[in-house]
Amino acid sequence: MSKNNTPDCKQENKAEEQENSSFVDPATIEEAAEEVNADAVQAENEADITTNKIDDLEKALEKEKKEYLFLMAEFDNFRKRTLKEKSELVKTAGEQSLKGMLPILDDFERGLKAAADATDVEAVREGMELIYNKFIKYLDQNGVKAMDPEERDFDTEKHEAISVVPVPDKELKGKILDTVQKGYTINGKVMRHAKVVVGQ
């Protein structure tokens, strides 16, 4: 029997084979290490890029927030300023209207003084007519006009029926028989409805 075929030799051969099969070439280890390092560097670079993107997005978000808050503050200021201007405009418009009526009030005061000592009724009446015409002219200049009293058809948009009177003639039904209080419009819009008596 040869030496190589003894059980001890077989075991030695097996051990050698195992040693040879578990032996790793140092070059292969180095390549694997380089690959691992390259993967780690790539992962680190990707993490840096992601972090940079997150930082950029956070900065952009912060900038948008600041611009939004600035716009909100600007809009709030604009709204307050507009309300203030509108309020002042309404006050000023009212003031202008009343200021225009002061000369008419002066005329009334003079007329009342003159009427206290006057003996001529016709002169007093003429004076009152002049003041009345001046007042009507002032209202007309400001867009206020009396509704036409000759308008005989009842219209709920313009008239307010305070009384309904039975009429014998069918043609007078739904017609205005009498105007108790004149109606007025301002720039075409009804300012005060005319109070009327309507036929039924």
Chemist: Applying a strict under-4.5 Å side-chain criterion to I, L, V, M, F, W and Y, I'd like to know whether Phe154 and Val197 cluster together.
Modeler: no
Chemist: Going from CD on Gln96 to CG on Asn142, what distance comes out if it is rounded to the nearest 0.5 angstrom?
Modeler: 9.5 Å
Chemist: Please enumerate all residues that pass side chain to side chain donor-acceptor pair (under 3.5 Å) together with Glu129, with sequence neighbours excluded.
Modeler: Arg125
Chemist: Run the numbers on Val198 and Lys175 for side chain to side chain contact (heavy atoms under 4.5 Å, CB included), then give the verdict.
Modeler: CA-CA 6 Å; Val198 184; Lys175 302 285 184 185; over 6 Å; no
Chemist: Give, for atom CD of Glu74 and atom CG of Asn77, the distance between the pair rounded to the nearest 0.5 Å.
Modeler: 6.0 Å
Chemist: Below 4.0 angstrom, N of the basic side chain to O of the carboxylate: do Asp76 and Arg79 qualify?
Modeler: yes
Chemist: Do Asp107 and Arg110 sit within salt-bridge range, that is, some charged N less than 4.0 Å from a carboxylate O?
Modeler: yes
Chemist: Any chain of hydrophobic side-chain contacts (each under 4.5 Å) joining Ile136 to Leu105?
Modeler: no
Chemist: Step by step, work out the salt bridge (charged side-chain N to carboxylate O under 4.0 Å, His left out) result for Asp55 and Lys59.
Modeler: CA-CA 6 Å; Asp55 288 345; Lys59 284 175 187 172; over 6 Å; no
Chemist: How long is the span from the CG atom in Leu61 to the CG atom in Asp56, to the nearest 0.5 Å?
Modeler: 12.5 Å
Chemist: Has the side chain of His193 got a donor or acceptor atom that lies under 3.5 Å from a matching backbone atom of Glu157?
Modeler: yes
Chemist: Between Phe75 and Phe78, what is the ring plane arrangement, given parallel below 30°, perpendicular above 60°, and tilted in between?
Modeler: tilted
Chemist: Between CG of Asn45 and CD of Gln42, what distance do you get to the nearest 0.5 Å?
Modeler: 8.0 Å
Chemist: In Å, rounded to the nearest 0.5 Å, how long is the span from NZ of Lys84 to CG of Leu89?
Modeler: 14.0 Å
Chemist: Just to verify, what does Val144 make a side chain to side chain contact (heavy atoms under 4.5 Å, CB included) with, not counting sequence neighbours?
Modeler: Leu139, Tyr184, Ile186, Met191
Chemist: Start with the C-alpha gap between Met72 and Tyr68, add the side-chain angles, then the distance that decides, and say whether side chain to side chain contact (heavy atoms under 4.5 Å, CB included) holds.
Modeler: CA-CA 6 Å; Met72 285 298 291; Tyr68 173 74; 3.8 Å; yes
Chemist: Ignoring hydrogens and geometry, is there a side-chain-to-backbone donor-acceptor pair from Thr92 to Glu88 under 3.5 Å?
Modeler: yes
Chemist: Step by step, work out the side chain to side chain contact (heavy atoms under 4.5 Å, CB included) result for Met147 and Val190.
Modeler: CA-CA 9 Å; Met147 289 182 197; Val190 175; 3.8 Å; yes
Chemist: Tell me, with the steps shown, if Asp178 and Val196 meet side chain to side chain contact (heavy atoms under 4.5 Å, CB included).
Modeler: CA-CA 6 Å; Asp178 187 26; Val196 296; over 6 Å; no
Chemist: Is the number of heavy atoms from other residues, nucleotides or ligands under 6.0 Å of Gln141 CD greater than 12?
Modeler: yes
Chemist: Scan residues 183-200 for pairs that pass salt bridge (charged side-chain N to carboxylate O under 4.0 Å, His left out), counting only residues two or more places apart or in two chains.
Modeler: none
